[in-house]
Structures are given as C-alpha cells and as structure tokens.
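Let me begin by presenting the structure, written as structure tokens, before commenting on it.
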Amino acid sequence: MGKGETHLSRLAGHAEVLLRGEVFDQFGALCFRSDHQGALEILLVTTRETRRWTIPKGWPIKGLKPHEVAEREAWEEAGVKGKARKKAAGYYTYLKTLPDGTKTPAMVEVHLLSVDKVCEKFPEYKERTLEWMSPLEAARRVNEPELKGLLITLEAGGFV
C-alpha cells in the first residue's frame, strides 16, 4: 500500500464489483495452537509475490468442502496439519492480483484450524516465511481490517 493509502480506499475503486457480488471466493485457515505455557499462538505466512503477512488460503477445489480446502491450503502453504472447523469463523476481503497483473476483489471464508503437527518441509516451504505469534501481533501485521478483527476476537477468547 502506498503512503496514506488504506485497505478500504484500495477496495473503494472496486465498489461497483463488490456491490454486484462479483468477487472471487477463497477459503482460508486461521491456524492456532497453544505454546508450552498455554498461551494462544497464531500462524501467519508471507505471500509469494509481495511478502505481506496473511493466513493460508486458496481457491475452491472440486470435491472438497470449504473447511477441507482450508486444511489443504494450511498444509501446502504452511506445512501444518490439523482439523479445521466446518463452520466459518468469519470472512475478509482483499484485492487479489491475478496472473495478468489485474486486481480483483476476493472474499475469504475463514476456518479455524487447530494445529496438531508442524512439518519443516511442505510444498511451498522455499517460497514463504512462517511465524507463530500472539493474536494481537498477528493483527498488527495483516492489512485487512476484517482479518484484524477476527484475530482480536481470538485474543479476547472468542471462537477457541
């Protein structure tokens, strides 16, 4: 984002598309675990192109339910295995950059995923940076206001 440019101001240019409901659907995994002292930790990953912090997410996959897509994306992008909740915890919007360089609004359905196993090698391990952190630190690092809100809700004891 440019100096002084907000996430909402970037989306505003796509208001007509958003109001018509012409957004891409994606499914994401908000991965969490407890550290050795019992404190809640959230896993963020960097995007491959812009290196901004986000959660694992991806496109719908034929034959998989949304929470199953979230589980697969968590494995491919972050090397974590666990069980995602079937019911979405919430949603957030962002501008997805397509392969041709155009940007289009995307709506991410977020599923909480309780992490059971973390692997060092996974399909995208050479392309992303991963970091475990508190929900508040995660909220500071992500750009999308709705995702920040979900993370703050987790910090307050909601969902988990």
Side-chain angles (χ1 to χ4, degrees), residues 1-32 42-115 117-133 135 137-151 154:
M1 279 188 287
K3 189 172 184 168
E5 185 181 28
T6 67
H7 177 72
L8 294 176
S9 67
R10 288 176 46 220
L11 282 174
H14 300 272
E16 187 176 319
V17 172
L18 287 165
L19 291 171
R20 286 194 313 260
E22 296 174 5
V23 298
F24 284 102
D25 292 323
Q26 290 192 307
F27 304 108
L30 206 167
C31 304
F32 69 94
I42 302 299
L43 179 64
L44 291 185
V45 300
T46 56
T47 62
R48 290 186 285 193
E49 300 297 322
T50 64
R51 310 298 295 168
R52 66 183 171 75
W53 290 104
T54 191
I55 62 172
K57 63 186 172 308
W59 304 107
I61 299 171
K62 187 174 180 152
L64 293 184
K65 296 176 181 171
H67 71 282
E68 294 169 329
V69 173
E71 289 172 354
R72 180 175 290 181
E73 294 300 327
W75 162 248
E76 290 178 359
E77 295 184 8
V80 296
K81 295 277 189 175
K83 191 77 174 155
R85 295 188 185 166
K86 291 179 182 177
K87 183 179 178 188
Y91 300 82
Y92 74 92
T93 53
Y94 78 107
L95 288 177
K96 173 73 178 165
T97 303
L98 300 175
D100 67 2
T102 61
K103 294 182 187 294
T104 188
M107 175 75 69
V108 182
E109 180 178 304
V110 179
H111 293 266
L112 295 177
L113 186 142
S114 179
V115 174
K117 183 177 179 181
V118 179
C119 302
E120 287 185 32
K121 290 193 176 181
F122 49 93
E124 298 180 15
Y125 80 98
K126 291 181 179 179
E127 303 171 68
R128 299 181 186 274
T129 302
L130 287 65
E131 192 172 329
W132 288 96
M133 62 198 73
E137 179 59 27
R140 285 185 199 99
R141 293 196 192 183
V142 298
N143 293 331
E144 301 81 9
E146 301 110 325
L147 183 53
K148 285 178 184 289
L150 289 172
L151 292 161
L154 276 173

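All of these numbers come straight from a predicted model, not from anything done at the bench.
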On a heavy-atom basis, which atom in [X] and which in [Y] lie closest, and how many Å separate them?
X	Y	result
Ala88	Glu109	CB-CG, 3.5 Å
Glu120	Tyr125	O-CB, 3.8 Å
Ala89	Leu112	CB-CG, 3.8 Å
Val80	Cys31	CG2-SG, 3.9 Å
Gly28	Ala70	O-CB, 3.4 Å

Between [X] and [Y] (side chain of the first, backbone of the second, donor and acceptor by atom type, cut-off under 3.5 Å), is there such a pair?
X	Y	value
Thr46	Thr129	yes
Lys83	Ser114	no
Thr47	Arg52	yes
His111	Arg85	yes

### Query
Taking the six-membered ring of Tyr94, is the NZ or CZ of Lys57 close enough (under 6.0 Å from the centre) and on axis enough (within 45°)?
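Pair Lys57/Tyr94 counts as cation-pi.
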
### Message
I'd like to check Val45 versus Ile55 (side-chain heavy atoms, cut-off strictly below 4.5 Å). Are they in contact?
### Response
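A side-chain contact is absent here, since even the closest heavy-atom pair is not under 4.5 Å.
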
List in chain and number order the residues that pass salt bridge (charged side-chain N to carboxylate O under 4.0 Å, His left out) with [X], two or more places apart in sequence or in another chain; answer none if no residue qualifies.
X	value
Glu127	Arg48
Glu137	Arg140, Arg141
Glu71	none

Listed by chain and number, what are the side-chain contact (heavy atoms from CB on, under 4.5 Å) partners of [X], not counting sequence neighbours?
X	value
Trp59	Phe24, Gln26, Lys96
Lys87	none
Pro123	Trp75, Glu76
Lys65	His67, Glu68

In Å and rounded to the nearest 0.5 Å, what is the [atom1] to [atom2] distance from [X] to [Y]?
X	Y	atom1	atom2	result
Tyr92	Asn143	OH	CG	10.5 Å
Glu124	Leu130	CD	CG	10.0 Å
Arg72	Phe27	CZ	CZ	13.0 Å
Glu73	Leu113	CD	CG	12.0 Å
Glu146	Thr93	CD	OG1	3.5 Å

### Task
List in chain and number order the residues that pass side-chain hydrogen bond (donor to acceptor under 3.5 Å, both in side chains) with Thr97, two or more places apart in sequence or in another chain; answer none if no residue qualifies.
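Listed in chain order: Lys103.
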
### Message
Exactly one of Leu151, Leu43, Leu44 should register a side chain to side chain contact (heavy atoms under 4.5 Å, CB included) with Met133. Which one does?
### Response
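Going through Leu151, Leu43, Leu44 one by one, the side chain to side chain contact (heavy atoms under 4.5 Å, CB included) with Met133 is satisfied by Leu44 alone.
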
